[in-house]
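Following: one structure in structure tokens, then a few remarks.
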2 protein chains.
Amino acid sequence: MAPMAKSATASERRTEILKSAAAAFRRRGYHGASVDEIASALEMTKGNLYYYFKNKEEILFACHEYSLDMLLALMAEVQADTASPEAKLRKLVLAFVHLILDELHGTALTLDPEALSPVLFKRVIVKRDQFDQGVRAIIQLGIDEGSFKAGDPKLIEFAMMGAVNWIPKWFDPEGPATSNQIGDAFADYLVGGLLKP
Amino acid sequence: MAPMAKSATASERRTEILKSAAAAFRRRGYHGASVDEIASALEMTKGNLYYYFKNKEEILFACHEYSLDMLLALMAEVQADTASPEAKLRKLVLAFVHLILDELHGTALTLDPEALSPVLFKRVIVKRDQFDQGVRAIIQLGIDEGSFKAGDPKLIEFAMMGAVNWIPKWFDPEGPATSNQIGDAFADYLVGGLLKP
DNA sequence: TACGTCCTTAAACGCTCGTTCAAATCCATG
DNA sequence: CATGGATTTGAACGAGCGTTTAAGGACGTA
């Protein structure tokens with residue numbers, strides 16, 4: 001029969017683990033965080049984790065996929081939009097900051113993907129490249145249509161994404177700036193700075 | 001008597017170790033890199049490292065101090081300059097990129113300082129804050145004197161530094177972009193974007 | 001040659017951590 | 001209640017790693 005949604009489905013349980021793991025990885029890094037740490041934050045034993053995941057690496061990989069899929073969904077949404085490159089980029093930055101801070105709790109591309117074995121690493125890189133290309137395409141469009149200053153879209157995109165990806169390194173939830181304020185300020189600076197005078 | 005500069009002084013040896021350690025930390029992270037890995041890259045045994053450093057953590061700390069001292073020296077130089085805020089910022093970004101890529105080989109603030117014990121961590125933070133404040137002061141000056149757009153200097157500084165600190169994550173020495181091209185492009189975008197139209 | 005200091009080595013210790021596994025427990029169903 | 005699959009436990013293992021230590025070498029000096 002169809003399984004009941006009793007207290008927590010297996011899929012929900014996996015997600016819980018991913019959130020705990022992501023928090024631990026972010027605090028201590030992949031190698032610094034222990035499997036036991038991830039488990040006991042959920043009041044389960046570490047052995048139990050292996051019922052849901054093959055090993056630690058697979059947990060890290062799932063974290064990356066989870067984040068990247070959200071980013072790619074965002075990208076698809078933006079691409080479907082018919083707004084100007086400027087508006088698209090603004091929306092992207094705003095949503096990205098919101099996603100990283102409020103949804104993923106500072107856990108996007110910061111989690112060292114190099115810790116993955118070559119096969120899984122490559123799969124992460126493919127998705128990340130897909131996102132990068134999307135951003136670059138918007139920048140290129142703005143340059144072509146003449147609303148953005150000339151420049152290398154690749155380097156500009158790296159700078160934009162670097163600024164945003166770095167946020168978790170200094171963000172303090174107790175601090176003065178809310179995620180919305182940060183998003184606005186970053187969009188103003190990073191997108192506004194691209195516009196031709 | 002004064003020690004001879006035979007093949008390598010003790011101080012040079014320490015620096016060699018720091019360079020090897022920085023490379024290893026950058027590749028695998030602090031916890032991911034083993035002491036043995038650092039040592040054997042220099043064709044020495046791991047036990048020998050403990051003649052030069054008390055423990056692994058002290059090596060990480062020394063890496064940070066080394067980088068931060070160079071950054072602070074750069075900041076002092078820029079501050080002594082009498083140029084415009086725009087010129088100062090440009091110089092700072094250019095030199096920062098050059099420093100990170102050519103001198104430190106992608107090893108500035110990327111090496112997880114959170115791995116340090118509270119005491120050493122605090123000492124790193126103090127220096128990093130000192131640098132941050134310096135950058136913010138320049139931005140504030142530009143805003144006050146009216147050459148820069150209005151904005152929160154703190155958030156703008158975070159964005160700038162994030163963009164620059166992220167460079168090692170994607171930089172490929174074999175790639176098409178040289179450190180000078182990257183420096184120029186980043187200065188154009190990050191500083192140029194601040195200017196009032 | 002003999003000494004003493006600086007440097008290096010090799011081996012061992014102790015601890016942590018990822019992973020495995022057989023047994024125990026839970027729980028919807030018949 | 002009894003069954004059986006899903007889930008959880010607790011203990012154990014084996015490997016890797018940071019660190020210590022005692023002894024060995026290199027080498028300028030007396």
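Side chains are part of it too, since the values below use all heavy atoms of this structure and drop only hydrogens, waters and symmetry mates. Residue numbering restarts at 1 for every chain, and letters A, B, ... go by the order of the sequence lines.
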B/S/- contact track for nucleotides 12-21 of chain D, protein heavy atom under 4.0 Å: -----SBBB-
d(CE, B/Met44; P, C/dC6) in whole Å: 17 Å
Between C1' of D/dT7 and CG of A/Leu49, the distance in whole Å: 13 Å
Side chains of B/Asp112 and B/Phe25 in contact at under 4.5 Å (non-hydrogen atoms): no
Per B/Tyr51 side chain, nearest of listed nucleotides C/dC6, D/dT8, C/dT9: C/dC6
Closest to side chain of B/Tyr52, choosing from C/dC7, D/dA6, D/dT9: C/dC7
Side chains of B/Met160 and B/Ile139 in contact at under 4.5 Å (non-hydrogen atoms): yes
A/Arg28 and A/Glu37, any side-chain heavy atoms less than 4.5 Å apart: yes
Length of the CD1-P vector between A/Ile38 and C/dC17, whole Å: 12 Å
Under 4.0 angstrom between A/Asn48 side-chain N/O and D/dT7 OP1 or OP2: no
Aromatic ring pairing B/Trp170/A/Phe158, orientation class (parallel under 30°, perpendicular over 60°, tilted between): parallel
Partner residues of A/Arg90 under the side-chain contact (heavy atoms from CB on, under 4.5 Å) criterion, sequence neighbours left out: A/Asp184, A/Ala187, A/Asp188, A/Val191
Side chains of A/Phe131 and A/Phe96 in contact at under 4.5 Å (non-hydrogen atoms): yes
B/Leu42 CG to C/dT8 P, straight-line distance once rounded to whole Å: 11 Å
Any B/Arg13 side-chain N or O less than 4.0 Å from OP1/OP2 of C/dC6: no
